[in-house]
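Throughout, protein chains are lettered first and strands after them, A, B, ... in sequence-line order, and every chain is numbered starting at 1.
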Protein chains: 2
Amino acid sequence: MIANAMKADTRANHDLTRNQALVFGVLEGSEAPLSAYSILDQLREDGLRAPLQVYRALEKLVDFGLVHRLESLNAFVACNHPSGPEAGESHGTVAFAICEKCDNVAEFADPDFVERLRGWAKAEGFEPHSTIIELRGLCEGCCVA
Amino acid sequence: MIANAMKADTRANHDLTRNQALVFGVLEGSEAPLSAYSILDQLREDGLRAPLQVYRALEKLVDFGLVHRLESLNAFVACNHPSGPEAGESHGTVAFAICEKCDNVAEFADPDFVERLRGWAKAEGFEPHSTIIELRGLCEGCCVA
DNA sequence: GACGTAATGTTATACAATAACATTATTGCG
DNA sequence: CGCAATAATGTTATTGTATAACATTACGTC
Ligand SMILES: [Zn+2]
Ligand SMILES: [Zn+2]
Ligand SMILES: [Zn+2]
Ligand SMILES: [Zn+2]
């Protein structure tokens with residue numbers, strides 16, 4: 001699968017440490033976003049014992065652009081951008097659509113939308129260093145049901 | 001002051017209970033967003049003892065549209081929409097620009113980019129029930145300094 | 001006054017994140 | 001290699017955020 005090859009690449013590019021690789025692995029294998037503590041629970045067998053070990057790995061992974069933090073959930077997801085993590089996106093603005101029924105998270109970036117936000121900021125003299133956009137609701141599958 | 005009169009009106013319209021009025025009062029009097037626990041600290045003299053008393057009041061105030069929750073801060077602010085709380089805004093989409101130096105929060109609503117978001121959602125079949133937009137950065141005053 | 005509903009008070013607990021400190025790899029260089 | 005700088009790890013304790021569960025009290029309505 002091409003997407004997996006790409007992910008393996010970016011992972012290698014960043015030379016993930018053991019803990020980072022473990023945490024990233026759990027997130028990659030999960031459909032839904034996960035809290036740091038539930039990640040920890042899945043890594044007890046691998047020797048992780050303390051929340052801090054997970055939080056430290058997450059911090060790096062977020063820096064690398066491999067993982068996103070969802071502020072409205074206090075949870076984390078592996079990057080699932082259509083064009084792959086870091087394809088010019090990792091340092092751009094991303095938006096998330098979070099289904100409250102099935103926990104699916106769709107990730108997207110709309111340049112026009114971002115441009116409009118930037119326009120408002122500029123007019124106000126506000127200098128944004130990060131932008132959080134999270135839609136909560138029902139995904140297509142859960143909407144009809 | 002007209003703004004205060006307006007706020008008093010909306011407060012009266014909702015017939016705030018004692019605890020709700022106390023919590024709202026603290027938020028109105030604060031420049032920066034406040035956590036539930038720091039609100040509680042300011043209300044010990046008034047008889048409040050437990051976090052739940054504050055959280056319950058906050059839940060109602062958010063429902064009324066008098067208060068907003070900032071997801072990226074785990075904190076709350078009194079509504080400061082230009083046209084006043086509930087001026088057609090309370091059930092619309094609002095965005096926040098949060099200064100990380102002085103803690104000032106600017107609240108704004110841009111119908112155009114809300115429309116654009118809605119367009120994306122519709123195309124994806126996603127039915128949003130709430131939208132979170134938070135810009136983190138430096139406000140005009142802190143930007144130059 | 002009896003009933004349903006909403007608000008309140010209280011205690012205990014769950015969940016999320018960081019502080020502080022000791023230890024161990026890794027890397028780059030003289 | 002020997003050594004210093006840097007980054008990653010491990011561990012314990014603590015702080016901060018939010019809710020569960022249950023008992024009680026006020027309030028509107030018939
Ligand atoms: Zn991404
Ligand atoms: Zn869904
Ligand atoms: Zn508002
Ligand atoms: Zn500022």
Check your understanding: Start at the 5' end of DNA chain C and walk down; is the nucleotide closest to A:Phe76 or to B:Leu52 reached first?
Key -> B:Leu52
Exercise for review: Return the 5'-most residue of the pair A:Ala57, B:Arg69 with respect to DNA chain D, ranking by each residue's nearest nucleotide.
Suggested key: A:Ala57
Check your understanding: Hey, do the aromatic rings of A:His68 and A:Phe76 have their centres closer than 6.0 Å?
Key -> no
Exercise for review: Measure from the ring centre of A:Tyr55 to the centre of the six-membered ring in the base of C:dT18, then say whether that distance is under 5.5 Å and the planes meet at under 30°.
Suggested key: no
Check your understanding: Would you say a side-chain N or O of B:Thr17 is under 4.0 Å from OP1 or OP2 of C:dA6?
Key -> no
Review point. B:Asn74 side chain N/O closer than 4.0 Å to the phosphate oxygens (OP1, OP2) of C:dA16?
Key: no
Practice item. Find the distance A:Leu48:CG to D:dG10:P and express it as a whole number of Å. Key: 7 Å
Check your understanding: In whole angstrom, what separates B:Leu22's CG from C:dA7's C1'?
Key -> 14 Å
Check your understanding: Is A:Asn19 near enough to D:dA8 that one of its side-chain N or O atoms lies under 4.0 angstrom from OP1 or OP2?
Key -> no
**Study point:** Gap between atoms CD and P, on B:Glu71 and C:dA16 respectively (whole Å)
**Key:** 14 Å
Practice item. Could you check whether the rings of A:Trp120 and A:Phe126 sit parallel, tilted or perpendicular, using 30° and 60° as the cut-offs? Key: tilted
Practice item. Figure out the CD/P separation between A:Gln53 and C:dA16, and round it to whole Å. Key: 18 Å
Revision key, fill the gap. Atom CZ of A:Arg18 and atom P of C:dT24 are separated, to the nearest Å, by 17 Å
Check your understanding: Taking CZ from A:Phe64 and C1' from D:dA7, how many angstroms apart are they, rounded to a whole number?
Key -> 11 Å
**Study point:** Most 5' of A:Pro51 and A:Arg56 on DNA chain D, judged by nearest nucleotide
**Key:** A:Arg56
Check your understanding: Has A:Arg136 got more than 12 heavy atoms of other residues, nucleotides or ligands less than 6.0 Å from its CZ?
Key -> yes
Review point. Counting just side-chain N and O atoms, does B:Ser35 come under 4.0 Å of either OP1 or OP2 of D:dT17?
Key: yes
Please tabulate, one pair per line, all N/O donor-acceptor pairs under 3.5 Å involving side-chain atoms of residues 16-27 of chain A, not counting sequence neighbours.
{"from": "A:Thr17", "atom 1": "OG1", "to": "A:Gln20", "atom 2": "N", "distance (Å)": "3.4"}
{"from": "A:Arg18", "atom 1": "NH2", "to": "A:Asp46", "atom 2": "O", "distance (Å)": "2.3"}
{"from": "A:Gln20", "atom 1": "OE1", "to": "A:Thr17", "atom 2": "N", "distance (Å)": "3.2"}

Point to revise | More than 12 heavy atoms from other groups under 6.0 Å of CD on A:Glu100 | key: yes
Exercise for review: Spell out yes or no: do the side chain of A:Tyr37 and the base of C:dA17 have one donor N/O and one acceptor N/O closer than 3.5 Å?
Suggested key: yes
Check your understanding: What's the CD-C1' distance between A:Gln20 and D:dT9, to the nearest Å?
Key -> 11 Å
Review point. When we call it a touch if two heavy atoms are under 4.0 Å apart, what does A:Ala50 touch: a base, just sugar-phosphate, or nothing?
Key: base
Review point. Separation of A:Glu59 atom CD from C:dA17 atom C1', in whole Å?
Key: 12 Å
